[in-house]
Trainee: 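My structure is below; once you've seen it, I'll send some questions.
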Amino acid sequence: MTNSKCDVSNIYNLNGRVPISKAVPFGLQHILAMFVANIAPLIIVAGACHLEAGQTAKLIQTTMIIAGIGTLIQLFPIWKIGSGLPIVMGISFTFVSVACVIGSQYGYGAIIGAVIVGGFIEGTIGLFAKYWTKLITPIVSASVVTAIGFSLLSVGAASFGGGSGSESFGSWQNWILGTITLASCLFFDMLAKSYWKQLSVLFGLIVGYIVAMCMGAVDFSAINDTAVVSLPSILPFKPEFNASAIVSMTLIFLVSATETIGDTSAIAISGLNRPVTIKETEGSIACDGYASMLSGFLGCLPVTSFSQNVGLVAMTKVVNRMVIGVGAIIMILAGIFPFLGAILATLPDAVLGGCTIMMFGSIVVSGIKMIAACGFQQRNITIAALSLGIGIGFTQVPEIFSVFPPVIYTVFAENCVAVVFIVAVVANLILPKDEEVA
């Protein structure tokens, strides 16, 4: 039931009005949970393509704007594009490897051309999802959601340690910051009452940030050179349509679509306590594709649903579209007014890691609950065990894929979600339907 009044209790309803004073902290919590992960892929790819510092800074601002726009389209669909679910969009790490390869071989323009074409293809395929999602049965979705959770655990651990590649990775300072942040989240969750409990992540981030400042672990140097206003440019890089780059990028778009299917299903199950509908799945994939196409025109990498925020929804049960929409607007403002974005970017990795560990664990638990809801017939056990065993196991030792062509290695070697999805679909197709527990 949706409360028609403007009431904070509507945070647990998909629709309904929430007082703006209450919507802002809940929306900000979502943005802080994904902010660093949203800009990091662009920084990595820009470095591999040897872009100038000014170009990179401009694109970082644009990543925030396109993430906000993509999120708003997911929340409030345009025609058939968008799911209407509380899905947060952001620049995806899934595309980093292939983008670095394309950029180093053909230049950044080839990346943009491939993003535009690949985004169009994924978006169009998404509009016709009802014709092929029959292959994705509940046990397939459950296995993919579980894989998403497991794949994120190492991301949370890397953040907890100070961020991959950090010179101070695993230092006592990072351990202290991560532990204090995590303890603050748990402490707040235990003591807070009513809807305040759902702000435990924001509370932990604030406490961790204050402690980090006291320890001298916050770098404010980037704030000094920020402009007052920064607007995105249309086609800041001339697109180049290289066939090899387009094929490689499109394959990753199809992999991204499988992750989006899992995220969308997880949001519906964990946040709304119901299965996802075909219409929502179609709209979600279409938004992924067409928003990525728009991102390409603005010079950025593809955007996709952010599993970090799926974990936050699973943990807090805050699903209100207005609340998430406020967060999206904050993200857009952070892109238009670089000073705000620069402040958010100073959040230390260890502080973020202290919060995300529990969030990502929530996705794993949601996946396990979905598997349990499918029933423990031998057929379901076999599909889940085989797909998770191969998907997670093989990608822990990516060298096992070295005998395959480079494009296969790029797509599957470190993407357990894609491998789990393919194995689960194939197993679901070939295993006898009437196989039961002995």
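Computed from a prediction, not measured in an experiment: that's the story for all the values here.
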Trainee: About how many Å separate CG of Leu294 and CD1 of Ile234, when rounded to the nearest 0.5 Å?
Mentor: 7.5 Å
Trainee: Side chain to side chain donor-acceptor pair (under 3.5 Å), that's the test. Do Ser402 and Glu399 meet it? Break it down for me.
Mentor: CA-CA 5 Å; Ser402 59; Glu399 306 82 40; over 6 Å; no
Trainee: Which heavy atom in Val115 sits nearest to a heavy atom in Cys300, and how many Å separate them?
Mentor: CG1-O, 4.1 Å
Trainee: Within the structure provided, determine whether Val319 and Asn13 are in side-chain contact (heavy-atom separation under 4.5 Å).
Mentor: no
Trainee: Where the side chain of Ser387 meets the backbone of Val423, is there a donor-acceptor pair that is under 3.5 Å apart?
Mentor: no
Trainee: Could you state the interatomic distance from NZ (Lys80) to NZ (Lys279), rounded to the nearest 0.5 Å?
Mentor: 9.0 Å
Trainee: What pairs with Tyr209 under side-chain hydrogen bond (donor to acceptor under 3.5 Å, both in side chains), at least two apart in sequence or on another chain?
Mentor: Thr346
Trainee: Checking Asn309 now: which residues fulfil side-chain hydrogen bond (donor to acceptor under 3.5 Å, both in side chains) with it, not counting sequence neighbours?
Mentor: His30
Trainee: Which one of Thr62, Ile112, Ile91 satisfies the side-chain contact (heavy atoms from CB on, under 4.5 Å) criterion with Ser295?
Mentor: Ile91
Trainee: Could you measure the distance from the NZ atom of Lys58 to the CG atom of Leu51? Nearest 0.5 Å is fine.
Mentor: 14.5 Å
Trainee: I need the full list of side-chain hydrogen bond (donor to acceptor under 3.5 Å, both in side chains) pairs touching residues 65-77, with sequence neighbours left out, sorted by first then second residue.
Mentor: Gln74-Ser83, Gln74-Ser284
Trainee: Do Leu177 and Phe160 come within less than 4.5 Å of each other through their side chains, counting heavy atoms only?
Mentor: no
Trainee: Residues two or more places apart in sequence or in another chain: which of them pass ring-ring contact (aromatic ring centres under 6.0 Å, His included) with Tyr409?
Mentor: none
Trainee: Any chance you could lay out the side chain to side chain contact (heavy atoms under 4.5 Å, CB included) test for Ile371 and Ile139, step after step, and finish with the verdict?
Mentor: CA-CA 6 Å; Ile371 292 174; Ile139 189 60; 4.3 Å; yes
Trainee: Measuring from Lys130:NZ to Thr281:OG1, what's the distance to the nearest 0.5 Å?
Mentor: 13.0 Å
Trainee: For residues 321-328, tabulate all N or O donor-acceptor pairs below 3.5 Å that involve a side-chain atom, not counting sequence neighbours.
Mentor:
unit_1	atom_1	unit_2	atom_2	d
Arg321	NE	Asn15	OD1	3.0
Arg321	NH1	Leu75	O	2.6
Arg321	NH2	Asn15	OD1	2.7

Trainee: For a side chain to side chain contact (heavy atoms under 4.5 Å, CB included) check, start with the C-alpha distance between Asn320 and Tyr12, then their side-chain angles and the critical distance, and finish with the verdict.
Mentor: CA-CA 6 Å; Asn320 184 265; Tyr12 303 113; over 6 Å; no
Trainee: With a 4.5 Å heavy-atom cut-off, do Ser244 and Tyr106 have their side chains touching?
Mentor: yes
Trainee: Taking atom CZ of Phe76 as the centre, report whether more than 12 heavy atoms of other residues, nucleotides or ligands fall under 6.0 Å from it.
Mentor: yes
Trainee: Under the side chain to side chain contact (heavy atoms under 4.5 Å, CB included) criterion, do Val364 and Leu153 qualify, and how do the steps go?
Mentor: CA-CA 9 Å; Val364 176; Leu153 292 180; 4.2 Å; yes
Trainee: Are Val207 and Thr181 packed together at the side-chain level, in the sense that at least one heavy-atom pair is separated by less than 4.5 angstrom?
Mentor: no
Trainee: Rounded to the nearest 0.5 Å, how far does OG1 of Thr264 lie from CD1 of Ile269?
Mentor: 12.0 Å
Trainee: Go through Asn428 and Arg379 one step at a time and tell me if the side chain to side chain donor-acceptor pair (under 3.5 Å) criterion holds.
Mentor: CA-CA 8 Å; Asn428 183 60; Arg379 185 175 188 275; 3.2 Å; yes
Trainee: Is the shortest side-chain heavy-atom distance between Thr124 and Tyr290 below 4.5 Å?
Mentor: yes
Trainee: Compare all side-chain heavy atoms of Ile11 with those of Lys22 and state whether any distance is below 4.5 angstrom.
Mentor: no
Trainee: Is the backbone of Ala334 close enough, under 3.5 Å, to the side chain of Gln61 for a donor and an acceptor to pair up by distance?
Mentor: yes
Trainee: Is there a side-chain contact between Gln173 and Met215 (heavy atoms, below 4.5 Å)?
Mentor: yes
Trainee: Does Phe120 CZ have over 12 foreign heavy atoms under 6.0 Å away?
Mentor: no
Trainee: Given side chains that start at C-beta, do those of Ser305 and Val88 come closer than 4.5 Å, heavy atoms only?
Mentor: no
Trainee: For Phe394, give me all partners under ring-ring contact (aromatic ring centres under 6.0 Å, His included), at least two apart in sequence or on another chain.
Mentor: none
Trainee: Mind checking the CD1-CZ spacing from Ile368 to Phe150? Nearest 0.5 Å is all I need.
Mentor: 5.5 Å
Trainee: Pair Met89, Asp288 - check side chain to side chain contact (heavy atoms under 4.5 Å, CB included), show working.
Mentor: CA-CA 8 Å; Met89 303 286 283; Asp288 252 31; 3.1 Å; yes
Trainee: Side chains of Asn174 and Ser171 only: does a donor on one sit below 3.5 Å from an acceptor on the other?
Mentor: yes
